[in-house]
Q: 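This structure is in structure tokens; I'll ask about it shortly.
Numbered from 1 within each chain, the chains take letters A, B, ... in sequence-line order.
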Amino acid sequence: MLKIEAVVRPERTSTVLEALTAAGVKGYSYWNITGKGQQEGVEVFTGRGGHLSHRVALPKTMIMTVIPDEMKDAVIEAIIGSARTGEEGAIGDGKIFVSQIDDATRVSTGETGDSTVM
Amino acid sequence: MLKIEAVVRPERTSTVLEALTAAGVKGYSYWNITGKGQQEGVEVFTGRGGHLSHRVALPKTMIMTVIPDEMKDAVIEAIIGSARTGEEGAIGDGKIFVSQIDDATRVSTGETGDSTVM
Amino acid sequence: MLKIEAVVRPERTSTVLEALTAAGVKGYSYWNITGKGQQEGVEVFTGRGGHLSHRVALPKTMIMTVIPDEMKDAVIEAIIGSARTGEEGAIGDGKIFVSQIDDATRVSTGETGDSTVM
Amino acid sequence: MDTGSIAWMLTATLLVLFMTPGLAFFYGGLVRGRNVVSTLMYSFIAMGVASIVWVLWGYSLAFNDTGNGIVGGLEFIGLSNVSYTEGDGIPDLLFAAFQMTFAIITPALITGAFVERFKFTTYLIFLVLWVTLVYAPVCHWVWGGGWIGGLDGGALDFAGGTVVHINAGIAAVAAAYLVGKRRNPGVEPHNVPFVVLGAAILWIGWFGFNAGSQLAADGVAVQAFVNTNTAAAVAAVVWALLSFIHTGRISAVGVATGVVAGLVAVTPAAGWVGTMGSFAIGLGAGIICHYAVHFEILHKLGIDDSLEVFAVHGLGGIWGALATGIFAWGALTDTAGGLVNGNAGHFVANLIAVVVTLLYSGIVSFVILFVLDKIPGLGLRISAGDEDIGIDITAHGERGTVADGAD
Amino acid sequence: MDTGSIAWMLTATLLVLFMTPGLAFFYGGLVRGRNVVSTLMYSFIAMGVASIVWVLWGYSLAFNDTGNGIVGGLEFIGLSNVSYTEGDGIPDLLFAAFQMTFAIITPALITGAFVERFKFTTYLIFLVLWVTLVYAPVCHWVWGGGWIGGLDGGALDFAGGTVVHINAGIAAVAAAYLVGKRRNPGVEPHNVPFVVLGAAILWIGWFGFNAGSQLAADGVAVQAFVNTNTAAAVAAVVWALLSFIHTGRISAVGVATGVVAGLVAVTPAAGWVGTMGSFAIGLGAGIICHYAVHFEILHKLGIDDSLEVFAVHGLGGIWGALATGIFAWGALTDTAGGLVNGNAGHFVANLIAVVVTLLYSGIVSFVILFVLDKIPGLGLRISAGDEDIGIDITAHGERGTVADGAD
Amino acid sequence: MDTGSIAWMLTATLLVLFMTPGLAFFYGGLVRGRNVVSTLMYSFIAMGVASIVWVLWGYSLAFNDTGNGIVGGLEFIGLSNVSYTEGDGIPDLLFAAFQMTFAIITPALITGAFVERFKFTTYLIFLVLWVTLVYAPVCHWVWGGGWIGGLDGGALDFAGGTVVHINAGIAAVAAAYLVGKRRNPGVEPHNVPFVVLGAAILWIGWFGFNAGSQLAADGVAVQAFVNTNTAAAVAAVVWALLSFIHTGRISAVGVATGVVAGLVAVTPAAGWVGTMGSFAIGLGAGIICHYAVHFEILHKLGIDDSLEVFAVHGLGGIWGALATGIFAWGALTDTAGGLVNGNAGHFVANLIAVVVTLLYSGIVSFVILFVLDKIPGLGLRISAGDEDIGIDITAHGERGTVADGAD
Ligand SMILES: Nc1ncnc2c1ncn2[C@@H]1O[C@H](COP(=O)(O)OP(=O)(O)O)[C@@H](O)[C@H]1O
Ligand SMILES: Nc1ncnc2c1ncn2[C@@H]1O[C@H](COP(=O)(O)OP(=O)(O)O)[C@@H](O)[C@H]1O
Ligand SMILES: Nc1ncnc2c1ncn2[C@@H]1O[C@H](COP(=O)(O)OP(=O)(O)O)[C@@H](O)[C@H]1O
């Protein structure tokens, strides 16, 4: 099994989740994070609202899903397709990380293996 | 070392944490997530409170703990025992994912290896 | 590529992030968690504010960054240097976990490999 | 001058003024978290802009009666010639201040229709135009010596069912239609406690609205006070019960909406019906507004009146205006009373007032917004990208709450 | 009719009405995040249900004095025969509205005992029954011409220490006992700013409660005003100091609770003691209520009075009632004064009032709840599963705040 | 005694009292999330401590005029000899209560300068000393029969521009200087809705401040009322426009700050200028305070006046005091009026009052804090470790909000 961790723009979250489901993903988890990549951050008002300051890191959403190995390409494609905002090269659209999961267990049944995530 | 990531019902969080401690776990981290598995979601009021809408994903808690390899079975058992709500097969009780951790470092001392998580 | 997960005191977050950037890290993500290690927790008021109770787990920040393998030592050193609060052995300063990342993809360009995190 | 009435009217003016931040929180709780600052600001800035317009020329246009029946004169520009010591029971200047608070909240009510996507700078200009071109004239017609107030039979609008709620409700439809649907409305209100806080402030403030509209600390104000509470309470409980019947759950947002529906409906009737009349008005409001929201009537027509301004203020206001014609109590109105007393005069006059207000406000609001949309550099709607990111950060450079580890 | 007094009593009525949402936020901040909507709604819906009960029959049962000393008549049903123009200084209808706000907040106070687990639909019925069977009679006894008001020696309850606070405090014990302990009470209040907001609104609103109970804008109202503030301030500071002594920290929730304790205790005394009398009352309240909370007295008996309603309102109310008998100042009471003036009459009468209220309210509240628990389809407690998930989502279909990326 | 004026002054007193929790939320929203409870408590506890000081000796020192011009006598200790029935239009005791609310909020204003790092226990002592040694004397000079009130030409401070705002503003500078900079100020306010809520409460409450300072429900109170609103509205809109010009965005916090700036500046002028005078004052306040904040003047001097107390209250107050001397309207002041009427008397007298207050308050506040810093066991600043963790948990044992899965 593989773990896919995708960091995406928060406003794209529901789009990406729908794309995951369409790609056959049965389970996912997501949460709010703050992050920095190449993106330059944003100007925000500071103090009593008289001037702007620079905030380096931005709100993002982390979407995590564990999938069977064979779904990898489909899932990554689904994420890219739904999370990308514009012309190639637009920074801030996010990153996808893939890593190994040794084992998964469904709490309700105790079953393990690929069937828990299919 | 292994990393155990357990997604459980939020209302079970303290029970699971106590079970982990009872099973000998020395450290853990947890946070709020939203997730979807087989569970069908929940009806919530939308707009001005005149009718219900379907929310697919639900609040869950992610519990993450890094443990020595030999504790794996005990920890999984502890989580299942404390997170399961009812008769076998009740959906929504959560999932447990296991993966490899290469190395751990304790910030305060700089020590590494299994002793950091025992 | 390696994934570094560092749990640190929340009040150290910006210091650690600056140290990461100084060490050459190009991207990171962080979020609020609650956790327990050796640290003994904290006394907080309960109910109507007449007496204290013990809260076992404490607010912490999880910082996650994916880096090329060769940056491992520099990054760990940067985290330790910026997250450690006092004399050796002070508990609660945090933990650093290292694990393998198979692959990374930049959403905006579709590129993969080390270049996505450098 | 009666110091007791001055004391009450100073208080009543504040109560109505406080309703606008109450509305800010009510609306602010209903939207998505990324738009809470913006939604608060649509209401809050109205306290600034509409105050200025009112002081400079709005009051004059509404209340400087020159007898033409259509619009007021210019004698009270800058509140000059408005006495702070003389007047009818209370100083004229206090009356101007009291009326100002109505001119503030009415455009703020409209904003519920277009939250999460309306351009803030255009909105500032809209505020100036709408108070000038829609609010002031309608206010003049009903209360300032204009033609509606002089209708045969007697149009009854005690505290602003027509001037405030129908007026705002239909303008909301025009605005929602022109600005278009939200790209991604989300599922749930992001902060229910804010909604409850807003509803509580609105409930309390509305006593200033209704009992204050008597302009004196007397028995009619007391009756208006009791009616206000009764209608709100009944509509809230009705909504709770309908919510339970249809869903098995009792929505807090629904109950809060029921409160507002009851308050809207009793507004034109407040000092002109008895306690049980207000009971009936609250009952009707709860039912009508609940089903209007339940069946999403405007949304089915493709109009994203996001926070249901028309369903609550428009329909609630229309029901209230007609119900005033039904339940008006002769002893209070000093006339033959409403339909229940066998007199159709008030009912017919109110019906005319309703229709004309719907037409006038609907059309002029539409035209104002249509023109603003076409002016280069203005336009009604923020860009799709800004809408996706959230209008708080893009238009206000702020986030509602900041809670990450590094703050 | 005195317009100044009408003006003040309109305001005072609103102030007391605003206390109920204040209480909603106070209680709402103290519970777990998953139960905040529910906790807000227990209070907020009381503004609906108790208003209706009061208008329909509650006021009549409490204040239509027919001379039997036990319960009022039915002449004021639907507020008929309650004049909006005539009365004793203020119109009778305004008095009815003012008293209504007390009938709203009293049952809302009880809810602190059973938050996070009490079935909302049963609660709606409880509200109707309790206001009818407990609140209205006790109110009649003390203020409506009933036997406690007529006690030899003179029971003194200026603004409702007995009628409101002891009454609610003991009902809370019965409710907490019958509904049983929370399955998982958590450790900390989930939102301290809400607690502070609630405390601030309660503090402000309480001036309506206490200075309003004079029913006139006069010197006694002013004295009651100053006393109210003094007792609150002293009890708050006392709690802060005791908190610091025992823990080295100063709990904001504790200070807020101290404020409420001081306000509760000065309620029966408000217009009948001098400034330094209220100082002493605040001092006692801070100490008594702090230690009652500190030592968790009811919890040790296995009764999960979750938000310490009895410790604060019950004990604070009892202390206040007795302290009124001690510190009553002859010049204000037009009698021989309290124990400090060597007159035990008020003290004894108040003691009787306290004991009878504890017994009557405790028993009847218990019976009402016991019966509701047994009726099929009702029952006091939500299911264990619903309690674990949180009552917001299970009973109200809502979450307090929504803050995930997808909203 | 006039019941209408009593009614208004009871209300006005509450309005000003409510400003302190409003300030608590305004300031509380501006700090980092880990310090919200502390920031709320700095203000909230002032309602306790300053109330007690005022009742026990503060009022006497300020208003027991013994003719020496410098400080009051001790006859009103414990509010003895302060009549609750007799007085000048309203009972003396009501005047004492009204003035108390000013003594509460003034030190609370200072706290904006040292949030997130000032030791709470030391602060409690500071409160007692500052109200006694700074607030009471300055109040005596201006309003209690002291020398400033008696200046030739006539110093005009209608509602406390000098006594409250300049006084607090300069004390804030002393405090910020002595306590030192925050270790890590963060970037953004943590809760903008709290800021808006606080601003709304301040705006509403300020009518009590300004219109209440007339001490009667009359025409001048009405004029003060309208002026208050006008200045606030204008300054808010000015800030919005300047914000847009400089950044392309309109900060909600900025607009809220504009509101406060306008309110501060109109305070000394409230009952002594016409409507358009207040318009000009609001305009000036918006511009001056905006640029003071924009250019971070104190921060550039190395003084971390964290929430810009001096920029808003100090400079806003100075502008208001001078503007009163400029725009004072003879008809209202019963004198030759301000500079616009060709009379420099008020302007010069106000200038003297400003300078003396800056000097006296600045120096004495500095000395008090300097001494407190040196006393073993006290000290102004919490430890670096406690500051890093956040003062909520370290000084109050509480967290603002708790939202983890296990609560
Ligand atoms: N190396 C990394 N490790 C962890 N998180 C990362 C990394 N790089 C990017 N991220 C996360 O992804 C988010 C989006 O990254 P983005 O700005 O699109 O990266 P880039 O511009 O480099 O493609 C960042 O805000 C951060 O949360
Ligand atoms: N494949 C997955 N990847 C990531 N998270 C998952 C996955 N499956 C389930 N989860 C998480 O676990 C939670 C509980 O899953 P659950 O509904 O119990 O799954 P199931 O019903 O499939 O056993 C989900 O809400 C989600 O947060
Ligand atoms: N084994 C572990 N697994 C997951 N998280 C851990 C583990 N040990 C520690 N942590 C996280 O690190 C935080 C800091 O740990 P700390 O108290 O410094 O550990 P220690 O005192 O054991 O060095 C904890 O609060 C927890 O969030």
Q: If you count heavy-atom pairs under 4.5 Å between each of C:Q100, C:M62, C:K36 and chain B, which one has the most?
A: C:K36
Q: With only heavy atoms counted, which part of B:M1 is less than 4.5 Å from chain C, the side chain, the backbone, both or neither?
A: neither
Q: Given a strict heavy-atom distance threshold of 4.5 Å, which part of B:T65 is in contact with chain C: side chain, backbone, both, or neither?
A: neither
Q: Count the heavy-atom pairs under 4.5 Å between each of B:V25, B:D102, B:V66 and chain C, then report the option with the highest count.
A: B:D102
Q: For B:K95, is there an ion pair with B:E5 - N to carboxylate O distance below 4.0 angstrom?
A: no
Q: Between the side chains of B:D103 and C:K72, is the shortest nitrogen-to-carboxylate-oxygen separation below 4.0 Å, so that they form an ion pair?
A: yes
Q: Examine distances only and state if a side-chain atom of C:R55 and a backbone atom of C:F45 form a donor-acceptor pair shorter than 3.5 Å.
A: no
Q: Can you tell which part of C:A57 gets under 4.5 Å to a heavy atom of chain B, answering side chain, backbone, both or neither?
A: side chain
Q: With a 4.5 angstrom heavy-atom cut-off, is it the side chain or the backbone of C:E77 that approaches chain B, or both, or neither?
A: neither
Q: Side chain, backbone, both or neither: which part of C:V8 has an atom under 4.5 Å from a heavy atom of chain B?
A: neither
Q: Side chain, backbone, both or neither: which part of C:I33 has a heavy atom under 4.5 Å from chain B?
A: both
Q: Tell me, do B:M118 and B:P68 make a side-chain contact under 4.5 Å, heavy atoms counted?
A: yes
Q: Have B:E111 and B:S115 got a donor and an acceptor in their side chains that come within less than 3.5 Å?
A: yes
Q: What's the verdict on side chain to side chain contact (heavy atoms under 4.5 Å, CB included) for B:H51 and B:T46, showing C-alpha distance, side-chain angles and the deciding distance?
A: CA-CA 6 Å; B:H51 49 91; B:T46 195; 3.4 Å; yes
Q: Between C:L2 and chain B, with a heavy-atom cut-off of 4.5 Å, which part of the residue counts as in contact: side chain, backbone, both or neither?
A: side chain
Q: Please check if any side-chain donor atom of B:S82 sits under 3.5 Å from a side-chain acceptor atom of B:T15, or the reverse.
A: no
